[in-house]
Structure formats: structure tokens, C-alpha cells
Protein chains: 2
Amino acid sequence: MATAAAKPSTRSRILEAARELFWLKGYPETSVAEILEKAEANSGSFYYYFKSKEELLLAVLDYYVDLLYPEVMDQAFATTPDPIERVFAVLGGYRYALEMTGCTFGCPLGRVALEISDIPQAHEKVAINFQGWVNAVKKCLMDAGNRLPADVDRHQLAQFVLTVMEGAVMQARVHRSLEPFDNSVAQLRAYFRYLMSAPRVVRVKE
Amino acid sequence: MATAAAKPSTRSRILEAARELFWLKGYPETSVAEILEKAEANSGSFYYYFKSKEELLLAVLDYYVDLLYPEVMDQAFATTPDPIERVFAVLGGYRYALEMTGCTFGCPLGRVALEISDIPQAHEKVAINFQGWVNAVKKCLMDAGNRLPADVDRHQLAQFVLTVMEGAVMQARVHRSLEPFDNSVAQLRAYFRYLMSAPRVVRVKE
DNA sequence: GTCTATATATTGATAGAC
DNA sequence: GTCTATCAATATATAGAC
């Protein structure tokens, strides 16, 4: 017979609680005491597993690397076979997160990227996460083959998709509205439509 | 004869110190004590002018509204007559700020947008700042007249430019490199080139 | 490994003299 | 309006029993 799920280890409970609180409240605004309460753990356990709050942040950022596919990419890849549409399905996932949170919370890594300024290792780890995201999108763009012009740099375009996602999420957050997000994605779509459009004959001045 | 510049008022010294520190360290990580030290003021003066640290943040965000043209737009408008090139000159201003700070500091409002989550008034004021920015860019796009297709929504496109700026600045910050910024602007340029390209004859399948 | 109790520093904010 | 002194709360982190 099925047994009840075992309670996760203390360390992973702390990690999970921190991940959620850093996402909701930000790293500087989250106290160790709050993390402990949410994780149902004690101060002694915390400092047994982590040297400091700062080290916990770095562990959370490593954790996010593992979550890229299960939390961000897998669903888009599973439901959307067309590689170009997959890219927009990934963006749709962020739209859904905004929708579910009243347009308050989008990408937790973008938040760390801007709110932290004195922990260079944190930026390095966010950069690694961004690289993983960009590579996943780049893979889609490469899978699109010759539907995109050969001279379009896939890496640059994938980086641009991340740029648009982060900027769009930010604006949705401050406006508490999906409109700026949808507008930005609409413009990105127009750009892709152009890139994928049939060969053009440009009328030349006589 | 010329007199030495008068020392700014205590209130404006506090406001200016806060603006810079919130930009460099973020709002939660900046203590009132630091602001006072930088402003050469005392706790008593601070709470004479501001009800709380939170109210100071709101005052700083109002202050930014006044700084939009002098700090962000004026130079681009003065040096670049072409309205489309003006938009890219504005982006060039952010590139310069990144360059001058080792790719660590871009837009202070984007930072507040993501690091603050429990002060709705702060988001409202960032939204007002973003609106001003978008409107300034929108004005350029409208000045471009029929160089852009009539059916392109100027507001949506201006919002997209802000999206790209914020996302590009964020990536430059985490990578400590201008490359992601330049890549994103290059893609935005390609999109504008497309929008401004001569009327196209699309080859139709037979 | 987990617990409670606590050390030490710093936080935002206030009081009251001048 | 500006000053110093200080409050009360909270922060991260540690000590040492179990």
C-alpha cells in the first residue's frame, strides 16, 4: 500500500522555504527567523547546514539551475511541438505566473539580479541560470532550422527573448496589469513573423 | 563677483543622498544612518522632513519624475535630431551608465520595481515614471511619421523599447558585460529596420 | 542533528534641549 | 530647524545541552 510522503529533510525544507520567501519578499527583506518558521526548523539546524544567510542564497540560486526544466521548460516542450511556438509557450508560462499572482511575481532570478549588489557570487549564479534559460530557447531556435534566416544569430536572438521576458514581467509588476506584458510579447511576435516571412523583394528606387 | 554655490537645503541633501544610495545599494539595504551620514544631516532633521524611511522612498520616486528630461532625455534630444535615432540615443545613455559603473548599475527605477513588494504606492510611482519614459519615446515614434507603418501601435512599440532597455540592463548587470545589452539593442535595431523598410512584395505560393 | 537560550550589532524612530 | 542621546524592536549568528 502507498505510504504517506516522508517529510523532506530539514535542509531541503529550509531551501524550499527560502526559495519561496526570496521570491515573494526578496532576499534582504526576508529574515532568517521567517525562513525557520516556514521551514519548521530551528536556528541551530540552519547554521548546521548553512554557514550564513548569504550562503543560503547561493544554495537557492544553485537549486534554481535544477528547476529550469521541470518548472519552466518541460511543460512548454511537452505541449508545444513547434519549436518557435515553444518559445512563446515558455513566455506564456510567465504570463500564467503573473496572472495567478495578480501581476506581482514573475521571475525570481530577475529580482535577485537587481536587488543584490554586494554579493558578486550571487550575480555569477544568476548569470548561470540565465545562460541555461537562453540555451534552452536557443535550442528551440536551432530546431526551427531554415524557418529563420541563416544569418540570424541564434544566441543573440535567444538572449533577446530573455530580455523581453524580463522587461515585460517588470512592467507588468509595476502596472499590476498584463497589458505591458502582452504588448511586449505582441511586438516580439511581430519581429518573429518578420524573421520567418517568405523571401522579400524590396522595391528599389528608380 | 560670483558667490560660492550655497549649500543645498537639508531636505534636498537628504533626498539626493537617498536617491544615490537607493540606486547603488537598493532601498532595503540602505539604512537611514547611511543616508544621514552622506547628507551630513542628523536624525532629528530627517524625521522633521519625512515621516518615515518609506515616505522618503516615495519622495525620491517623485523626484525621479522631474529628472526624466534633464537626466535621461535632454541629451539624446539635443544631440540627435532624427526621431528614430533619438530612441537609440536614449538607449545609448543607459549603455554609458553601464560602462561607467563596470556594468553594475543601470536603471534605478527598475531596481525599485523588483526589490519592493510591500509598498504599493512605490509601484504606482514607478509606473508613473515608466509612463513618462514611454511617452517620451512614443513622442519620437510619432515624430517619425510615416517612416513607420501606420498600423504600428506607437504606444505598444514605445513600451517595447522600455521592455528591451530594462531586460538588457538586467542581463548586463548579472553578466558584468555589455554584450547582452548590445545584443538586445542590435535585435531591436533589426526590428526597427524591418518596420522602416520600404514596402515589400511578398512572394506568394502558387 | 536538533533544541533553547542568548549574545551582539543594527535597525527605524522618538524625546527633548537648544 | 537642528542637535544629541536613546528607546524598543529586530537582525544575524553562536553556545552548549540533549
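We name chains A, B, ... by the order of the sequence lines, and we start the count at 1 in each one.
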Touch class at under 4.0 angstrom, heavy-atom based, for A:Ser9 against every strand present: nothing
Out of D:dG1, C:dT14, D:dA11, whichever nucleotide has its closest atom nearest the side chain of B:Tyr48: D:dG1
Candidates D:dT14, C:dG12, D:dA11 - which lies nearest the side chain of A:Ser43: D:dT14
Gap between atoms CG and C1', on B:Leu36 and D:dC3 respectively (whole Å): 12 Å
Below 4.0 Å: OP1/OP2 of C:dT10 and any side-chain N or O of B:Ser31: no
B:Glu55 CD - C:dA13 P separation (whole Å): 10 Å
Ring-face cation contact, A:Tyr27 with A:Lys53, 6.0 Å cut, 45° max: yes
Rounded interatomic separation in angstrom, taking CD from A:Glu37 and C1' from D:dT12: 17 Å
Sugar-phosphate, base or nothing in reach of A:Tyr49, heavy atoms under 4.0 Å: sugar-phosphate
Closest nucleotide among D:dT2, D:dA11, C:dT2 to the A:Thr10 side chain: C:dT2
Whole-Å gap separating C1' (D:dT10) and NZ (B:Lys53): 13 Å
Spacing of B:Tyr47 atom OH relative to C:dA15 atom C1', expressed in whole Å: 14 Å
Verdict with supporting geometry, A:Arg147 and A:Asp82, salt bridge (Lys or Arg N to Asp or Glu O under 4.0 Å): CA-CA 11 Å; A:Arg147 289 169 62 197; A:Asp82 182 275; 2.9 Å; yes
Test salt bridge (Lys or Arg N to Asp or Glu O under 4.0 Å) applied to A:Arg19 and A:Glu16, step by step: CA-CA 5 Å; A:Arg19 184 185 69 87; A:Glu16 184 60 37; 2.6 Å; yes
Residue A:Asn42, side-chain heavy atoms: nucleotide from C:dC3, C:dA13, D:dA13 that is nearest: C:dC3
B:Glu166 versus A:Gln171, side-chain donor and acceptor atoms under 3.5 Å: no
Spacing between B:Arg13 atom CZ and D:dT2 atom P, to the nearest angstrom: 7 Å
Residue pair B:Arg95, B:Glu99: steps toward the salt bridge (Lys or Arg N to Asp or Glu O under 4.0 Å) verdict: CA-CA 6 Å; B:Arg95 187 188 197 277; B:Glu99 207 175 3; 3.7 Å; yes
Atom pair distance, as rounded to whole Å: CD in A:Glu40 and C1' in C:dC3: 15 Å
Atom-pair distance (CG on B:Leu57; P on C:dA13), nearest Å: 12 Å
